[in-house]
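Every chain is numbered from 1, with letters handed out A, B, ... down the list of sequences. Just so we're clear, the structure is a prediction, and the values are computed from it rather than from any experiment.
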Amino acid sequence: RKLEIQYAELLRECKDLDAGRRVHAQVVAAGGYCRTRFIANLLVDMYGRCGSLDDARRVFDGIQQLNVFSCNLLLSAYVRSRRIQEAKRVFDGLTHRDVVTWTTMMRAYAMVGDLQQARGVFDRMPERNLVSWVSLVATYAQAGELQSAKDVFDGMPEEVRSTAAACNAMMTGYAKSGCLDEAKLLFDSMTDKDLVSWNVMLGGFVDNACLDAAMQVFRWMPARDLVSWNTVLQAYGDCGRFQDAKFIFSCMPAWD
RNA sequence: CGGCUAAUUU
C-alpha cells in the first residue's frame, strides 16, 4: 500500500522513456504491482507523457477492470502526442465519458487549431465544469478570436465567470488582441487575483511592447514564480537588452 | 475510503 504510493511518485518523476522503463521494470520486479489498476493507470500516464503510445496502449490493454481514469489517461496520451485521429477513435469507443473525457477531446481539436471541431465538442458536452468553460475561452483567446472569447465568457454561469481562472483566460484574450485597457479593467475588478493573474498582466505588457509597464507589474506583484521570471528574462533578451537579462538571471532563485 | 486523468499565465 505505502509501497504503491512510492512507486506512484517514482512513475510521476520519469521524464524520459529510459527512466520510465527502468521504473516499470523495478515495479515488475517488486511483485504484482503492475496488476493493480492504480499502478497500471500510472504506467499508462507515464508512457503517454514519454511519448511511447505503443507502450501506453499495451499497458492499457492489459488492465482487467478499466475505469474512467484508465480511459482518460489513454485518451490524454494520444492527445498530448497530437494523434487526433487515434484520440477520436478512443473517444468514440468509450462507453463511459465524463466531463474530463469531453474536455480532453475538446482540447485535442484546439491544439491543432480546429476551433470549429473544438466548439462542436463543447456544444455536445452533456455537462460542463469550470475547466471546460475556461478551456474554451482560452482556446479563443489564444487564437486571437476576441469576440468569441467574450461571448463565451459572458455566457458563463456566474459562479464560473467570477473565478480567477475564467478572468485570467479572458484577460489573456484581451491582451493578445492588444486591448490592454480592457485587460487591466478586468484585472482591477478581480477580488481573488492569483499569481497567474499577475503573470497574465506581465505577459500582456511584454507582448504589447510595454516593457516599462511590465517591469512595474513585476516589481509590484506579491509573488513571482518561474513563469514570471522567464517572462521578464525573455522580454529583455528579445529586445537585445542582454545586460538587463543577465542581471535578472542573476537575481533568479533556484527551484527544486 | 481515499490516492492516479482534462483547464487559465512563460
Rounding to a whole Å, what distance do you find between [X]:[atom1] and [N]:[atom2]?
X: A:I5; N: B:C1; atom1: CD1; atom2: P; result: 15 Å
X: A:I39; N: B:G2; atom1: CD1; atom2: P; result: 17 Å
X: A:Y174; N: B:U9; atom1: OH; atom2: P; result: 16 Å
X: A:L66; N: B:U5; atom1: CG; atom2: C1'; result: 14 Å
X: A:I248; N: B:U10; atom1: CD1; atom2: C1'; result: 14 Å
X: A:N230; N: B:U9; atom1: CG; atom2: P; result: 15 Å
X: A:D194; N: B:U10; atom1: CG; atom2: P; result: 14 Å
X: A:M221; N: B:U10; atom1: CE; atom2: P; result: 12 Å

Which part of the nucleic acid does [X] contact within heavy-atom distance under 4.0 Å: base, sugar-phosphate only, or nothing?
X: A:A8; answer: nothing
X: A:N129; answer: base
X: A:E9; answer: nothing

- Looking at A:K176, does any N or O in its side chain come under 4.0 Å of the phosphate oxygens OP1/OP2 on B:U10?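 For B:U10, OP1 or OP2 has a side-chain N or O of A:K176 closer than 4.0 Å.
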Which residues within [range] lie with some heavy atom under 4.0 Å of an atom in RNA chain B?
range: residues 70-77 of chain A; value: A:N72, A:L73, A:S76
range: residues 154-163 of chain A; value: none
range: residues 97-120 of chain A; value: A:V100, A:T103, A:T104, A:R107

- A:W133 over B:A7, stacked by centroid distance under 5.5 Å, angle under 30°: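 Whether judged by distance or by angle, A:W133 falls short somewhere, so it does not stack on the base of B:A7.
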Nucleotide nearest [X] (side chain, heavy atoms from C-beta), chosen from [options]:
X: A:T231; options: B:U5, B:U8, B:U10; value: B:U10
X: A:F38; options: B:U9, B:G3, B:A7; value: B:G3
X: A:N199; options: B:U8, B:U9, B:G3; value: B:U9
X: A:A165; options: B:U9, B:A7, B:C4; value: B:A7

- Task: Please list all pairs passing the ring pair (Phe, Tyr, Trp, His ring centres under 6.0 Å) test where one or both residues lie in residues 179-200 of chain A, with sequence neighbours left out.
- Result: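 Counting only pairs at least two positions apart or across chains, the ring pair (Phe, Tyr, Trp, His ring centres under 6.0 Å) contacts touching residues 179-200 of chain A are A:F187-A:W198.
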- Message: I need the full list of ring pair (Phe, Tyr, Trp, His ring centres under 6.0 Å) pairs touching residues 101-120 of chain A, with sequence neighbours left out, sorted by first then second residue.
- Response: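 For residues 101-120 of chain A, and leaving out neighbouring residues, the ring pair (Phe, Tyr, Trp, His ring centres under 6.0 Å) pairs sorted by first residue read A:F91-A:W102.
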- Message: Assess the residue pair A:W229 and A:F249 against the criterion (ring pair (Phe, Tyr, Trp, His ring centres under 6.0 Å)); give the C-alpha distance rounded to whole Å, side-chain angles, the decisive distance to 0.1 Å, and a yes or no.
- Response: CA-CA 8 Å; A:W229 286 95; A:F249 183 78; 9.9 Å; no
- Indicate yes or no: does A:R22 engage A:D18 in a salt bridge with an N to O separation below 4.0 Å.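 No, this pair does not count.
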Side chains of residues 200-220 of chain A: which donor-acceptor partners sit under 3.5 Å, not counting sequence neighbours?
from: A:N208; atom 1: ND2; to: A:A175; atom 2: O; distance (Å): 3.2
from: A:N208; atom 1: ND2; to: A:G204; atom 2: O; distance (Å): 2.7

- Message: Can you pull out every salt bridge (charged side-chain N to carboxylate O under 4.0 Å, His left out) where at least one residue sits in residues 89-114 of chain A? Sequence neighbours excluded, please.
- Response: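 Output for this query lists A:K88-A:D92.
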- Message: Show every salt bridge (charged side-chain N to carboxylate O under 4.0 Å, His left out) that has at least one partner inside residues 242-256 of chain A, sequence neighbours left out.
- Response: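 Counting only pairs at least two positions apart or across chains, the salt bridge (charged side-chain N to carboxylate O under 4.0 Å, His left out) contacts touching residues 242-256 of chain A are A:R241-A:D244.
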Under 3.5 Å donor-acceptor pairs involving side-chain atoms of residues 46-54 of chain A, not counting sequence neighbours:
from: A:Y47; atom 1: OH; to: A:H24; atom 2: ND1; distance (Å): 2.7
from: A:R49; atom 1: NH1; to: A:D45; atom 2: OD1; distance (Å): 2.8
from: A:R49; atom 1: NH1; to: A:D45; atom 2: OD2; distance (Å): 2.9
from: A:S52; atom 1: OG; to: A:D55; atom 2: OD2; distance (Å): 2.4

Solution key, residues 142-150 of chain A side-chain donor-acceptor pairs under 3.5 Å, sequence neighbours excluded:
from: A:Q147; atom 1: NE2; to: A:D151; atom 2: OD1; distance (Å): 3.0

- Message: Tell me every residue that passes salt bridge (charged side-chain N to carboxylate O under 4.0 Å, His left out) with A:K193, counting only those two or more places apart in sequence or in another chain.
- Response: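 Result, salt bridge (charged side-chain N to carboxylate O under 4.0 Å, His left out) vs A:K193: none returned.
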- Message: Using the salt bridge (charged side-chain N to carboxylate O under 4.0 Å, His left out) criterion, which residues pair with A:R12? Sequence neighbours excluded.
- Response: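 Residues passing salt bridge (charged side-chain N to carboxylate O under 4.0 Å, His left out) with A:R12: none at all.
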- Query: Got a sec: does the CG of A:D181 have more than 12 other heavy atoms crowding it under 6.0 Å?
  - Reply: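 No, because the 6.0 Å sphere around CG of A:D181 holds 12 heavy atoms or fewer from other groups.
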